Amino acid sequence: MKGVMAWIDERFPLSAIIRHELTDYPVPRNLNYWWNFGSLAGLMLVIQILTGLFLAMHYKADIGMAFDSIEHMMRDVNYGWLLRYIHSTGASAFFAVIFLHMGRTLYYGCYRKPRELMMWTGQILLLLVMGAAFMGYLLPWGQMSYWGATVITELFGALPVVGESIVILLRGDFVVGDATLTRFFVLHYLIPFLIAGLVVIHLVALHTVKSSNPEGVPQPEKDAIPFHPYYTLKDFLGVCIFLIIFLGLVFYSPSSFIMADNNVPADAMKTPPSIVPEWYFLPFYAILRAIPDTLSGVVAMGVATVIFAALPFLDRSRIPGGGRFRPVYRWSFAAFVLVVIALAWLGAQAAEEPYVTLSRILSVLYFAFFLTLPWVSRWEEKWLLQRGTLPKEVLDYMESEEKKANNGGQS
Amino acid sequence: MKNTQRILCALGLIFSVSSVWAAAVKVELADVEIDKSYEAAKRGAETVMALCMSCHSLKYIRYKHLMDIGYSEDEVNAVRGANDMEAPLMAMMPPAGAKAAFGMVPPDLSLMAKARVGGALYVYTLMAGYYTDENDQVDNHAMPGTKMPDVFGYASLKGADRQAAEQKIHDVASFLHWTQDPKEKERHELGKYVLGYLVLLSILAYLLKKAVWARIKGRTHPWPDKH
């Protein structure tokens, strides 16, 4: 074995990579289980790519054959039902894990300097996963697939000047049809590999700045521990627990993630009584519907999706970390989570009162979390410093950061 | 810790009611338990092939699949007539004729128990939902104004006859529950072993994690050779 490694090392830095990224890679020792969700997201990407790959071997991207090809997989292909259910449940699991990962990032302030690029690569990754999910949903060619795609592609028509052309470009035709299905299949196959590449960049950025930690204050270097074996084992434990939940759902409740209407083949002549996206799009759907003007609704929905990228600039507090030492931020974040959950519930309701008014109020609150942050964070910092309750390590850190900033300015 | 608990509770809520996201027309489902056994499915198959298949197809089920719910090869040969073993279960009425008679082609039944909120229970509720209204017209509680005829004559049945019809409808629901996902039993079986294995693996993973992390417990300088 040693001989083989030596042969490879002469030609490729394998040992050096293993040392630099695993066995010699320092990680804070105080990470909690909220830090597991990044690796779980990576796991879900691999699971979706592998199951998707084998599903694609049997799937037919033709409006006359798509629905039947999936039933063929469910009934005739050996373990086709397992591949299908892992993939369909996997989409929901992927988003669950991503949202929890984002929650960790927001709560602990992991988006702050020097991790801004991690936040932005993460933001783009979110958009790519949403795009892949949206396009994947058309592929079964069920009622909800067809009508969901019709509603969402129609929205782009609200854009001034180029709107109509964009809709036709997206659909490949004037209406959602065979052309749409073919291109959505192609793009759905492509995007996961773009995601994989961007994940590598996301990890390179991580390995440059290293992980943040629950305290927010960078931990002393001498307190670091190597990623392997400590976090490889902890991540492995996280994977095992996650798989119990995920595969539990796959084996015992997979249909709860597939809307009843989507088991009816798409019919352009029959509009379903209620067109609702999958749960992971619901908060954004609620924001879209809250605003009566279509274009403003589309813009609001878009901004709601990407506003996370602005957090490094919006948060003006010099107190390190997120909610750990900042009670105002902690409660705002908790309120934000509740607002998102409430918006998700509202997104599934019919577009009538009192749901419309509630959606409007909650959409305002959603944006308020971000837009009030510059002032609230500064006020909170002043208030906490005045109170004198911040621990010494935090004050020391703030002082040293201040000194660094001043020295940088002077030289 | 409080926030973690709060978030986890909310997530639990979302997943437990995820099936409610599919907002649909509200139908009061019958208070009956669907029999998922293959014996019930087989009885239901007999009723479906005798009554329902005059108008409805079950194109995702092939005659050979009937052997999975307990039909012997001879029994299948008896019901398939001129059709191959590989042939799908098609309706006797041609689609054009059905459209002329009813105004629409009667939907395929293979996935009916999946395509409606309530599943096989909805099917039961529909079939047992026929009643005679004040104008002596037959209507249905679950699908008002439906063009589907009351094939069991349920609206006018009483007493023991009604019970017998209910039993037949119950079996039809069982059969349609099987057709929408023939692999359900196999899935549940396999799931036991998969989850059992994962639980054991998790216990071992936890013990190993604890054992390795104990090396650095309480040590202020856990990685002396690095620094």
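Bear in mind that the values here come from a model prediction, so they are computed numbers and not experimental data. In what follows, chains are A, B, ... by sequence order, proteins preceding strands, each numbered from 1.
Heavy atoms of other residues, nucleotides or ligands lying less than 6.0 angstrom from NZ of B/K185 number more than 12. By the 6.0 Å contact criterion, CD on A/E393 is enclosed, its count of non-hydrogen atoms from other residues, nucleotides or ligands being greater than 12. When the shell of 6.0 Å around NE2 of A/H20 is examined, it contains 12 or fewer heavy atoms from other residues, nucleotides or ligands. The environment of A/Y33 atom OH is dense: over 12 non-hydrogen atoms of other residues, nucleotides or ligands sit within 6.0 angstrom. Residue B/D31 qualifies as open at atom CG: its count of foreign heavy atoms under 6.0 Å is 12 or below.
To the nearest 0.5 Å, the span separating CG on B/L201 from CD1 on A/I244 amounts to 8.5 Å. Interatomic distance, A/L237 CG to B/I203 CD1, rounded to the nearest 0.5 Å: 11.0 Å. Taken to the nearest 0.5 Å, the CZ atom of A/F236 stands 8.0 Å off from the OG atom of B/S202. The CG atom of B/D181 sits 7.5 Å away from the CZ atom of A/R75 when rounded to the nearest 0.5 Å. With rounding to the nearest 0.5 Å, the separation of OG in A/S255 from CD in B/E184 is 8.0 Å. Rounded to the nearest 0.5 angstrom, B/R215 CZ and A/I225 CD1 are separated by 11.0 Å.
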Step-by-step side-chain contact (heavy atoms from CB on, under 4.5 Å) determination, A/D24 to B/W223: CA-CA 10 Å; A/D24 258 1; B/W223 201 1; 3.9 Å; yes

Mind running side-chain contact (heavy atoms from CB on, under 4.5 Å) on A/L247 and B/Y197 for me, showing each step along the way? CA-CA 11 Å; A/L247 291 177; B/Y197 167 81; over 6 Å; no

Apply side-chain contact (heavy atoms from CB on, under 4.5 Å) to A/F67 and B/Y60, showing your working. CA-CA 11 Å; A/F67 194 91; B/Y60 295 119; 3.1 Å; yes

Evaluate the side-chain contact (heavy atoms from CB on, under 4.5 Å) criterion for residues B/L195 and A/F251: first the C-alpha distance (whole Å), next the side-chain angles of each, then the deciding distance (0.1 Å), finally the verdict. CA-CA 9 Å; B/L195 291 181; A/F251 280 93; 5.6 Å; no

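For B/Q180, the part lying near chain A is the backbone, with the side chain staying farther off; criterion is any non-hydrogen pair under 4.5 Å. For a residue to count as touching a neighbouring chain, one of its non-hydrogen atoms must lie under 4.5 Å from one of that chain's; by this rule A/F99 does not touch chain B. Heavy-atom distances place both the backbone and the side chain of A/P226 under 4.5 Å from chain B. With a threshold of 4.5 angstrom between heavy atoms, B/V212 approaches chain A through its backbone and through its side chain. Heavy atoms of B/L204 lying under 4.5 Å from chain A are absent altogether. For a residue to count as touching a neighbouring chain, one of its non-hydrogen atoms must lie under 4.5 Å from one of that chain's; by this rule B/K192 touches chain A with backbone and side chain alike. Heavy atoms of A/F246 lying under 4.5 Å from chain B are absent altogether. Contact of A/V250 with chain B is made through the backbone alone, with heavy-atom distances under 4.5 Å. Residue A/D68 touches chain B through both its backbone and its side chain, counting heavy-atom pairs closer than 4.5 Å.
Counting heavy atoms from C-beta outward, A/L233 and B/Y206 have side chains that stay 4.5 Å or more apart. The closest side-chain heavy-atom distance from A/L82 to B/R187 is not below 4.5 Å.
Between A/Y252 and B/H188, a ring centre-to-centre spacing shorter than 6.0 Å is recorded.
Between the side chain of A/R29 and the backbone N or O of B/I216 there is at least one donor-acceptor pair closer than 3.5 Å. Remark: side-chain polar atoms of A/N263 are paired, donor with acceptor, to backbone N or O of B/K114 under 3.5 angstrom.
Cation-pi geometry between A/K234 and B/W213 is met: under 6.0 angstrom from the ring centre, within 45 degrees of the axis.
Pairing each heavy atom of A/V264 with each of B/A115, the nearest pair is CG2-CB, 3.6 Å. Heavy atoms only, all atoms of each residue included: B/P222 and A/D223 are closest at CG-O, 3.8 Å.
For the set B/R116, B/H65, B/E186, the entry with the most heavy-atom pairs within less than 4.5 Å of chain A is B/E186.
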